[in-house]
Every structure is written in structure tokens, then in C-alpha cells.
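Excluded from the calculations below are hydrogen atoms, water molecules and symmetry mates; all remaining heavy atoms, backbone and side chain alike, are included. Proteins come first, then strands; the chains are lettered A, B, ... in the order of their sequence lines, and each starts at number 1.
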Amino acid sequence: MYLDELNPEQRKATNQIDGPMMVIAGAGSGKTKVLTYRIANLIDNGVNSINILSLTFTNKAAEEMKSRISELIGEANSRNIWMGTFHSVFARILRIEHDKIGYPQSFTIYDTIDTKSLIKTIVKEKNLDDKMYKPNFVYSRISSAKNSMISAQAYLRNEDIMSQDKQYGRARIGEIYLEYQNRCFKAGAMDFDDLLFKTNILLKKFPEVLLKYQDKFRYILVDEYQDTNKAQYLIIKALSARFENICVVGDDAQSIYSFRGANIENILNFKKDYTDYKLYKLEQNYRSSSNIVNAANNIIGHNKDQIQKKVWTSNADGNLIKLIKTFSDNEEGKVIAKNILNTKIKENAKNSDFAILYRTNAQSRSFEEALRKLNLDYKIYGGLSFYQRKEIKDLISYFRLAVNNKDEEALKRIINYPKRGIGANSIGKAMLCANENDTSLWDVLSNQNKFGLKINSGTSKKINDFIVLIKNFSKKVENTDAFELADEISKLSGINNELLIDNSVEGKVRYENIQELLNGIKEFSENSKENTDQEEAENDTFATLSDFLIDVALLTNADNEKEEDKDKITLMTIHSAKGLEFPYVYIVGVEENLFPSQLSLGSRSELEEERRLFYVALTRAEKQATISYTISRFRWGNIIACEPSRFIEEIGSDLLEPIENTYTSNRNKNKANSSYKSYTQPSSFNKLKFKKVSSSTTSNLSNATDVSKIKVGINVKHQRFGKGKVLEISGQSPNVKAKILFPSFGEKQLLLKFAKLELL
DNA sequence: TGCCCGGGTGTTTTT
DNA sequence: CACCCGGGCA
């Protein structure tokens, strides 16, 4: 019996069938096991699988859980569980209930590229300064508003928000937000945040819909609860209100998504919402060696904000945490690659046993190069997703437009690709016309006379040809197999030929990518045939292109792992490594201003999130964790000096083992040795740190000695934030902080010893 | 309308 | 360094 594999606390949590419960699960304590076994146990106790909803943060986590559950109780018993990410599950519900909120059934999901493009268009149309209203900035304001369930109308009515925007010279963000929502609606499109926002609206405005889903989802499980934002919190609360069979699992120490609106308060609020809830704490770590667990505990101990728990392990001590110092980022790549190769041989390990984890995607390059040189196979996650590549997005835009003619971003993208002589001028006129008539761009272009669109007859004819082309595709969507139509579109649109005749290396790669996409669609279409055959009573026996598009926007690179990628070294950001584990983990670029990120140094809460991130990184390791830092790094075009991260110090020198690396010791043995020593003597660590700061390469910037010149009221210039005015000075030397107002970035708390301010 | 060149600007993290 | 955008020219 599978329950026998659990420890007492895990079993207690697994055995609770009804009522609200929260599982606080330390890293590596068998959280996924409890979730999967509990679901299996629910079904074994007579709960119908169609009444179970299980929410995760990544598709990968959902897939993993699905397969583990079907191993426990069989595919047939688990097939009907609704299991997926918040976004995919609620997108599915919104498709079913689309008419209630006035959206087409095949509404488009705008990805970040579409979203930013639309914002840019609106800023231009409103003749606003694009320096002040940068798409990224505007998007993040709109996104956090939506994640807090603040509508455009509410945004405009909210005096605090409006005066805040005004203070920073961006008074019209609310206005952009409103127009953005209108445009999305007219285009039959939702962005990522809308999927959660509109679900809330749907459940709030339509009690019968709420009732229907409350009744369906009698048992709800939520993974990574510490990373839910307000919009997600409200959905869960509403859905579980009737039966209160709600099980949330999380770890406050692993909360790393506050930048996306995640709110730790949700964990704390749980006891208020469900006063009779049961709490389970999983504290035994099964994953990592004792040294790794202790190092992680030391790290997290430096955070003030945390729920007390004691993660422990009965595993052996294992190795110390290895520490590698290098002179440059390129050397860091070489040393790590070599270390992996040596370890592989010595320990008889596989490629897939290794992971290199970094803070930012941009760091991957030196590792890719070095691994390639040593013939070590690697796979890289993140960065540009397959579906965001230009050629893929172009072809998918044709699919999107065929399925949803109103999709403005898709239309703008392809109306003149491949070139058909429809220029920006004509499209500009048409957009203006669409705005004036409060309708979609498609509507105007396909009824040019009706709207009195004035463009020359040649262009007008070309537009008509394009409209006819798309209409012909649209006609086929409902009754043609996805692959068949996709293949036809790739040819008739001209994309296939465009890339085929491009003989450059990039052109060939693009062509191959298109073929890969088509193959993917073929597979998708064949798979869904099989599935529908089993579930009799389904009318449509084939998958349409619109079926395919449903979740494409929500897929990431991690979601279509290929068989040949199984035994490869993993390169990824720490954020995407959450939930994973590897025998050998390399945490690289562990330097001040990179990890913790420069942008997080302004406040304690942001710094603590970086620390939790480091905690997550360390606890991915089973046998061996290796940390590396470099003293110089190539960053935006020039070489900058770096200093080791404070997190290294926080681990404690007794758990660290500096290791020689051949590159360093050959070059300058004495130097290398002396700085390693500083880790065994924490007192000299500080000296080293300050010396590094003042030897910064940028000579015209102030360093630690200039701190005294920075006073309230003076104007300063910051490397990143630009010009700003000092509002307030606080703290004791050497930790003097200044509150500075930057017109383009808002108020920032900066530690002067790091801030590198220029006096103006 | 389309292409090439130069300058300006920018990097957390993700569904 | 790498990308995007705008301006100038074919």
C-alpha cells in the first residue's frame, strides 16, 4: 500500500479527506509526494476524479503530478482530474463561459510581445513621450494593477495610484490602461493577467457560474501557495467557499515571485479564512546531504520575515559546499565545465545529474561556450521561447488571425509579411479609422468603403487580396484538421517559400523551425484523435487549429522536452529551477549586485526575497553544491569589477571548502590563496569587500569615500536610474542609506556604499 | 516602400 | 555587447 511509504506527518496530511488544510513543507520534504498521494487517496476513498481541481505554477509540475498519480492508481482513474497551471485551467473555463463576458470562444491570448506592442501603439497614438511611457514600465504598472484586481476604471478613480503616477511624471498611465483594455476587448484578446482577472469577474458577476464550478470542484489542491497573488487567491477562495475542501501546500522560505504580485500574506490569511483549518508541517528533508541542509538553514536564518520551522535531515554529512573563485566570467565558464567533466568521470555520473543555475538568463553564454568545447551536452531553459521566435510567431499569427479575425496584433504583424506592398502609412490610416469608429482593424479593412477609408486604389486592392486570403483560411478552421490547415497556411501565406529561398544560415534554421512547428501540430492532431476515440460521445473526431492555439500562448520551452534532451546538463535560472532537484548543482555568479541583484538592494524585503532565492538554489542539490563567483565580469559592453556575494559569508566558513582551480592558480597562485584564506577568517572578509568597492573600474563615479558629500537636497546621477534628487539620508556608516527620487524610476532606497552616485 | 547604417539604450526573475 | 528605432537614400 502506497501510504506505507510516508512518514507520520506526511501520512496525516494525506489521510485528511475533507475540510481546509495547509501543508507547510520545507525544501525537499516530500511536498509533491503528499500532493500526489493525497489525490490518489481521495479517489481511493470514493471521491470522483471529475470533482478534483489541482493547481500548479508550471505545466511541467502539472505533467509530473499527472504521471505520478496515474502510476499510483492507473490512468483511467486519474484522467478526469483537472490539473494544470492557474492560467491554463482558467483559460479553459473562460473559453467555456466566453459569452458571459462578451468574448469570442476562440479569443486570442496575447503574450508579452503582443502586449508591449499594443502599449507602444497606444502611447504613439496618444502622442505621449515614449521615454516616459516605456512599454516595459507601463506594462508592469498595468500588470500589477490587474494582479491586485484593480480595473482600469478603478485605477483612474484611485487617488493614491494616480497621484503616485503624477509624481513620477506619468500621469496618464491610467488612461493608457483603459485604452489598452478596450483594444484587447475589441481584438477579442486577453493577456496573461486577464485570464485571472476575468475569471474573478466571471465568478463574481454570475452566481450561477460560480455555483456550477463550486459544485464541480469539490476538492481543490494548490501547490506553491506562497506564490499566489491576490487575483489567484480570490479565485481559490470563491471556488472553495461552498465545500471548503481546500488543501494548500507551500513554503514561505521559497517565496520568490513577489515581483509578479505574489503575496506571502495569503499563507497567513489562510487561518483567518478557514478558522477550523488543519496545519501540517513537513520538516524532514530527504533530498540533500546534511551539510547542504545546514548551509541552507544558515542562509535563511538571516531573514527576519519567516514562519518558524526547523528543516532537518537524517542524511549523512556529505561534502562541504565547494567555493570557486575565478578572474572573469569566461574563466568561470571554463572552470565549471572542467569541474563537471572531472566529476562525471570520478563519480561515474550522467550529464543529467548536473545543473548550472544562475540569477539572470544573460549569464548562460560563458557556460554554453565552455561546455561545447568540452563536448558536454547541455540544454538551456528560458530566454526566448520557441514560440516567441520571429518566424514561429509570424506563422502562428496567421493561425491566430484565421481563428480570430479581430486579433489586431496578429493582423499588424503579418499584413505585410511576406511583403505585399501594404505599408505602415496605410495601416496607420486604417487604425485611426478603426479607433474613430470604435471597431476592429479587421472590420475597417474588410469594409473599406463603408468606413470611408482613403488610401490609394493599388494598396486597397492588395488589402482586399489579403482579406480574401485570410477569409479562406477562416472558412476552413472548423472543418479541417489542424495539421492540414496549418500546412496549407504556411504555403499559401508565402512564409514557407520566403524562408525556403533564404539560403543564409539563419534562413535555414528558420525554415527548420517552421517544419518543427508543423511537426508539432501533426503530433498534436494525431494525439487528440487517439484521445477522442477513447472518450466516445465526442462529436468532433479531429483537432482543429483553434484547438491547437488554445494553449500555445501558455506553453514554455520547458513544456516540450524532447527525448534526445533527456541526458543533458541543465542550464537555467534559479526561478525556473524551483521544484527540481539534481545530484550536483552549480550556483554561479554569486556576486554582489548580481546575486543579490542590484535592484533589490533598496529594501529589506527585496533583499530577503533574493536570499530566499539563494535558499531555493542551494536546496536543489542532493549530493554536492558548488558556488562560484568571479572578480570581473563583462556587463553591458564593458568589464566591471565584482565582489563576492554576502550570501557566501552567510553560509558560514565551516561549511565552505574553497577549491583550487588550475586556471587561477597558474596565473597567480599567491593572490588566489590569500583571498581563499579570507573565507576562513571572516574578519578579513570585510576588508576585502571594501577594497573591491573602491577599486571599481568606473573612475568618474563616486565611491565609498564620497559618501559624506551626499546630502539632502542635492542632485545626483545613478548609473541606471539616471538623475535624481536626494530626499533623505539615514543609517550609520558604513551602511548609510539615501532615499532618492528618480523622475524615471520613482523613489529608491539606496545603500551609498554600493550606489556609485555621481554628484551633479 | 524598402534597406542600410548609426546612435541610443538597456538586464532580474515568468505564466 | 546586442537590439531596436529612426533617418537617409535607392
Requested in this report: Compare side-chain N and O positions of A/Asn147 against OP1 and OP2 of B/dT15 and report whether any pair is under 4.0 Å apart.
Outcome: no

Query raised in the report: Between A/Phe259 (CZ) and B/dT11 (P), how many Å, whole number?
Result: 14 Å

Query - Earlier contact from the 5' end, DNA chain B, for A/Asn136 and A/Tyr257 - result: A/Asn136

Query raised in the report: Which residues satisfy the ring pair (Phe, Tyr, Trp, His ring centres under 6.0 Å) test with A/His87, sequence neighbours excluded?
Result: none

Query raised in the report: Under 4.0 Å: is that the gap between some side-chain N or O of A/Thr573 and OP1 or OP2 of B/dT14?
Result: yes

Report task. Before accepting this row, confirm whether a basic side-chain N of the pair A/Asp114/A/Lys393 lies closer than 4.0 Å to the acidic partner's carboxylate O. Result -> yes

Report task. Could you tell me whether A/Lys60 and A/Glu63 make a salt bridge, using a distance below 4.0 angstrom between a side-chain N and a carboxylate O? Result -> no

Query raised in the report: Counting side-chain heavy atoms from CB outward, which of B/dT14, B/dT15, C/dC1 is closest to A/Tyr139?
Result: B/dT15

Query raised in the report: From the list C/dG6, B/dT13, B/dT11, which nucleotide is the closest neighbour of the side chain of A/Ala362?
Result: B/dT11

Query raised in the report: What residues form a ring pair (Phe, Tyr, Trp, His ring centres under 6.0 Å) with A/Phe634, not counting sequence neighbours?
Result: none

Query raised in the report: A/Arg365 has a side chain; which of B/dT13, C/dA2, B/dT15 sits nearest to it?
Result: C/dA2

Query raised in the report: Any side-chain N or O of A/Asn59 under 4.0 Å from OP1/OP2 of B/dT15?
Result: no

Query - Electrostatic pair A/Arg400-A/Glu409, nearest N-O below 4.0 angstrom - result: no

Write down the protein N/O and nucleotide N/O pairs, taken from nucleotides 1-7 of chain B, whose separation is under 3.5 Å; answer none if there are no such pairs.
{"unit_1": "B/dT1", "atom_1": "OP1", "unit_2": "A/Gly423", "atom_2": "N", "d": "3.4"}

Report summary line: Sequence neighbours excluded, the answer for ring pair (Phe, Tyr, Trp, His ring centres under 6.0 Å) partners of A/Tyr180 is none

Report summary line: Separation of B/dT14 atom P from A/Ile380 atom CD1, nearest Å, is 12 Å

Query raised in the report: How long is the line joining CG of A/Asp194 and P of B/dT15, in whole Å?
Result: 18 Å

Query raised in the report: When all nucleic acid strands are considered with a 4.0 Å heavy-atom cut-off, which category describes A/Ser576: base, sugar-phosphate, or nothing?
Result: sugar-phosphate

Query raised in the report: Whole Å only: how far is the CD1 atom of A/Ile235 from the C1' atom of B/dT15?
Result: 13 Å

Query - Contacts of type salt bridge (Lys or Arg N to Asp or Glu O under 4.0 Å), residue A/Arg365, not counting sequence neighbours - result: A/Glu369

Query raised in the report: Between B/dT13, C/dG6, B/dT15, which nucleotide has the shortest distance from any of its atoms to the side chain of A/Lys124?
Result: C/dG6

Query - Under the ring pair (Phe, Tyr, Trp, His ring centres under 6.0 Å) test, residues paired with A/Phe595 that sit two or more places apart - result: A/Phe614, A/Phe647

Report task. Provide, to the nearest angstrom, the distance between the CZ atom belonging to A/Phe86 and the C1' atom belonging to B/dT15. Result -> 11 Å

Query raised in the report: Between A/Ser600 and A/Thr85, which has a closest nucleotide on DNA chain B that is more 5'?
Result: A/Ser600

Report task. Name the nucleic acid region contacted by A/Phe595, choosing base, sugar-phosphate or nothing; use a 4.0 angstrom heavy-atom cut-off, strictly under. Result -> nothing

**Report entry** Aromatic stack A/Phe634/C/dC1: centroid gap under 5.5 Å, interplanar angle under 30°
**Finding:** no

Report task. Rounded off to whole Å, could you give me the CG-to-C1' distance for the A/Leu599 and B/dT11 pair? Result -> 8 Å

Requested in this report: Specify the separation, in whole Å, of atom CZ of A/Arg260 and atom P of B/dT13.
Outcome: 13 Å

Requested in this report: Let me know the distance between NE2 of A/His87 and C1' of B/dT15, rounded to the nearest Å.
Outcome: 4 Å

